[in-house]
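Report on the following structure.
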Amino acid sequence: MDESNTLHRKLLLVLLIAWLGGGLAACSKKKDLSPPPLNLHPTEAVHIHVTFDNPDDAKLYRLSMDGLYQNQQEECGYIGSWWAGNFVYPSGQFDIPNESTDPRYGEFTIYLDRYNRETCNWEFVSFGFKVTNVSNRWHAYTAFGPKWIIPGNEFKTWCEFVDADPNMCSDELRPAWPQLVHRVPLTFRVSQDSASLHSRPPGFFDHFLEPTQPAKASSTDAFQAPR
């Protein structure tokens, strides 16, 4: 009888594990993360002008940009791993062509309404910027998010070349160091007539409350003399 009960419990345990595994697999089923349809007539444009602070750098380097678009709504992504708890959002990075024919500066247009879908529409998040040496193909990379992309805003970056890739750019001028081969300072200007970025749609984790720290007792409360 004991062996029969043990076998029965093992069977129930196996069935329970199989049921849970099937349920988790169904919940974590990947959704279609393909880009939404392109908007054939976008109108919400952000115009960014990039200038070499040192004109001679324009002879040695070329400028390029890409844009990150994604959607962070819960119903538009999927949980990639229940064990790690990561939520996968649909996203993609796409080249933004340099419209300038003058190597001394770059002109880039970012369309906020690049895509056209009522739900799960991909929103512009940030742009990446790359400076490439035309002779040895070394490049330095950086990215700028919403706090920089404001109509009328002007900001700088310094791209430092140390060795073969990767090299980085910084929004702060740092002291020169021995390995530094060359530094390329750039100035970015967001045109005043640019469109303002959209507010970010709520993400999967937005409904979770921030952890709170318990209030600390004051020293007078902690060491109050007994009555």
Side-chain angles (χ1 to χ4, degrees), residues 35-71 91-117 121-174 176 180-200:
L38 283 172
N39 183 357
L40 299 180
H41 305 287
T43 58
E44 299 179 45
V46 175
H47 303 287
I48 299 180
H49 180 93
V50 188
T51 307
F52 287 101
D53 291 358
N54 297 327
D56 289 342
D57 287 339
K59 305 173 185 178
L60 305 174
Y61 297 91
R62 292 295 176 265
L63 310 175
S64 57
M65 183 182 291
D66 61 69
L68 172 62
Y69 291 78
Q70 70 177 183
N71 187 286
S91 65
Q93 285 183 279
F94 306 93
D95 290 337
I96 299 174
N98 186 355
E99 300 168 355
S100 171
T101 57
D102 191 331
R104 294 176 297 177
Y105 61 86
E107 296 281 1
F108 301 89
T109 300
I110 301 169
Y111 287 104
L112 305 182
D113 54 345
R114 173 189 174 106
Y115 295 105
N116 184 23
R117 181 183 286 169
N121 197 46
W122 288 18
E123 297 283 351
F124 172 76
V125 178
S126 63
F127 73 84
F129 197 79
K130 185 166 68 173
V131 182
T132 304
N133 186 300
V134 295
S135 59
N136 59 21
R137 308 307 297 173
W138 290 7
H139 71 267
Y141 189 84
T142 188
F144 295 97
K147 75 173 185 177
W148 304 95
I149 312 171
I150 301 172
N153 191 29
E154 179 177 314
F155 52 96
K156 296 178 67 66
T157 191
W158 289 265
C159 297
E160 298 181 337
F161 291 82
V162 179
D163 202 338
D165 304 330
N167 295 286
M168 301 299 294
C169 306
S170 173
D171 58 354
E172 295 182 357
L173 179 60
R174 301 181 296 186
L180 183 62
V181 175
H182 192 66
R183 175 184 284 147
V184 181
L186 299 163
T187 298
F188 293 74
R189 296 179 179 88
V190 183
S191 67
Q192 190 67 50
D193 62 347
S194 293
S196 298
L197 267 62
H198 302 161
S199 58
R200 186 182 70 84

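Counting heavy atoms of neighbouring residues, nucleotides and ligands inside a 6.0 Å radius, atom CD of Glu172 does not exceed 12 of them.
Counting heavy atoms from C-beta outward, Pro37 and Arg117 have side chains that approach closer than 4.5 Å. Taking the side chain as every heavy atom from C-beta outward, Pro42 and Arg114 never approach each other to under 4.5 Å. Considering only heavy atoms from C-beta on, Val50 stays 4.5 Å or farther from Tyr105 through its side chain. Using a 4.5 Å cut-off on side-chain heavy atoms (C-beta onward), Ile149 and Ser194 make no contact. When side chains are defined from C-beta on, Leu173 does not count as touching Lys156, because their heavy atoms never get closer than 4.5 Å.
The ring of Tyr61 has its center no closer than 6.0 angstrom to the ring center of Phe52. Side-chain rings of Phe161 and Trp138 stay apart, their centers remaining 6.0 Å or farther from each other.
For the side-chain contact (heavy atoms from CB on, under 4.5 Å) with Asn167, the lone residue among Thr142, Val131, Val162 that qualifies is Val162. Under the side-chain contact (heavy atoms from CB on, under 4.5 Å) test applied with Val190, the options Ile150, Ile110, Val46 reduce to a single match, Val46.
Ring orientation note: the planes of Tyr69 and Phe124 are nearly perpendicular, at an angle over 60° on the 30°/60° scale. Phe129 and Phe108 have perpendicular rings, their planes meeting at more than 60° on a 0 to 90° scale where under 30° would count as parallel.
What you find for Ser126 and Phe144 is that their closest heavy atoms are CB-O, 3.2 Å. Nearest heavy atoms, Asn98 versus Glu107: OD1-N, 3.1 Å.
With no hydrogens or angles considered, a side-chain donor-acceptor pair links Asn133 and Ser135 at under 3.5 Å. Checking Asp193 against Ser191 by side-chain atom types alone, a donor-acceptor pair falls below 3.5 Å.
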